[in-house]
Amino acid sequence: MKRTLIFLISLIVVAFLSYRIESFEFLLIAIILLLLVFLILLEIISIFKTINPKRFKTPLLMLAVCLAGVLASLLRTYDEAILEDGNSSEKLKYAYETDQNGYFGRTVPLISVQTVPL
């Protein structure tokens with residue numbers, strides 16, 4: 001009962017953090033990769049030596065929690081692409097800013113041109 005309760009609470013907390021924090025899924029993906037490497041190594045070791053199956057349970061539960069967090073991050077909504085009120089220049093400015101900011105919110109110019117006097 002205690003283990004199930006801890007699993008459900010961690011599932012809810014990770015899903016909530018993944019939904020609210022923009023880059024949290026990258027941390028979860030890194031944890032998933034580490035867990036997969038650990039499970040692969042554990043499986044290789046289990047070929048040569050008998051290992052208690054309980055050793056597989058905790059990493060698999062952690063993997064399920066992380067996958068649930070990544071799936072919860074996919075439900076996050078994006079900002080509106082078009083403003084409903086304001087004149088057309090404000091709408092165009094807003095659409096350009098949301099298009100050019102990228103995922104991390106930084107503006108990167110497409111082409112940087114420097115003028116050199118002749």
Side-chain angles (χ1 to χ4, degrees):
M1 178 69 183
K2 181 180 175 184
R3 189 172 177 103
T4 306
L5 189 63
I6 290 173
F7 174 72
L8 291 176
I9 289 173
S10 64
L11 189 70
I12 291 170
V13 168
V14 167
F16 178 75
L17 288 175
S18 178
Y19 185 78
R20 298 295 291 172
I21 300 173
E22 281 190 13
S23 299
F24 194 69
E25 62 266 10
F26 294 117
L27 176 68
L28 293 176
I29 291 172
I31 292 171
I32 288 171
L33 291 175
L34 289 173
L35 286 170
L36 288 176
V37 168
F38 176 76
L39 286 171
I40 289 170
L41 289 175
L42 196 61
E43 186 64 35
I44 290 172
I45 292 171
S46 72
I47 292 172
F48 301 110
K49 182 180 176 183
T50 304
I51 294 180
N52 190 358
K54 289 183 180 180
R55 294 204 185 249
F56 289 98
K57 189 173 184 179
T58 302
L60 288 174
L61 290 175
M62 290 173 60
L63 190 68
V65 168
C66 291
L67 284 175
V70 170
L71 291 176
S73 71
L74 294 175
L75 299 175
R76 188 180 323 123
T77 58
Y78 293 112
D79 293 333
E80 294 269 340
I82 300 174
L83 289 175
E84 296 299 326
D85 42 339
N87 59 16
S88 60
S89 64
E90 290 174 355
K91 290 180 184 179
L92 185 61
K93 180 182 175 190
Y94 180 76
Y96 178 77
E97 287 174 353
T98 56
D99 184 43
Q100 296 300 316
N101 281 344
Y103 188 77
F104 295 107
R106 59 188 166 136
T107 304
V108 178
L110 291 175
I111 300 174
S112 177
V113 179
Q114 294 178 343
T115 57
V116 178
L118 296 174

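In this structure, Tyr19 is not a member of the same hydrophobic cluster as Leu27, with clusters built from ILVMFWY side-chain heavy atoms closer than 4.5 Å. Follow the hydrophobic side-chain contacts under 4.5 Å out from Val14 and you reach Leu36 in the same cluster. Taken together through direct or relayed side-chain contacts under 4.5 Å among Ile, Leu, Val, Met, Phe, Trp and Tyr, Ile32 and Leu17 form part of one hydrophobic cluster. Linking ILVMFWY residues whenever their side-chain heavy atoms come closer than 4.5 Å, directly or via other members, leaves Ile51 and Ile47 in distinct clusters. There is a path of hydrophobic side-chain contacts, each under 4.5 Å, that joins Leu8 to Leu28.
Rounded to the nearest 0.5 Å, atoms CZ (Arg76) and CD1 (Ile21) are 9.5 Å apart. In this structure, the separation between CD1 on Ile9 and OG1 on Thr4 is 11.0 Å, given to the nearest 0.5 Å. Considering CG of Leu35 and CG of Leu39, their distance stands at 6.5 Å, rounded to 0.5 Å.
Screening Leu34, Ile40, Leu42 for a side-chain contact (heavy atoms from CB on, under 4.5 Å) involving Phe38 leaves a single residue, Leu42.
In the displayed structure, Phe7 atom CZ is contacted under 6.0 Å by more than 12 heavy atoms of other residues, nucleotides or ligands.
For the pair Ser18 (side chain) and Ala15 (backbone), a donor-acceptor distance under 3.5 Å is absent.
A pairwise comparison of heavy atoms in Arg3 and Thr58 identifies NH2-OG1, 3.2 Å as the closest pair.
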Expected list for residues 60-69: side-chain donor-acceptor pairs under 3.5 angstrom, two or more places apart:
none

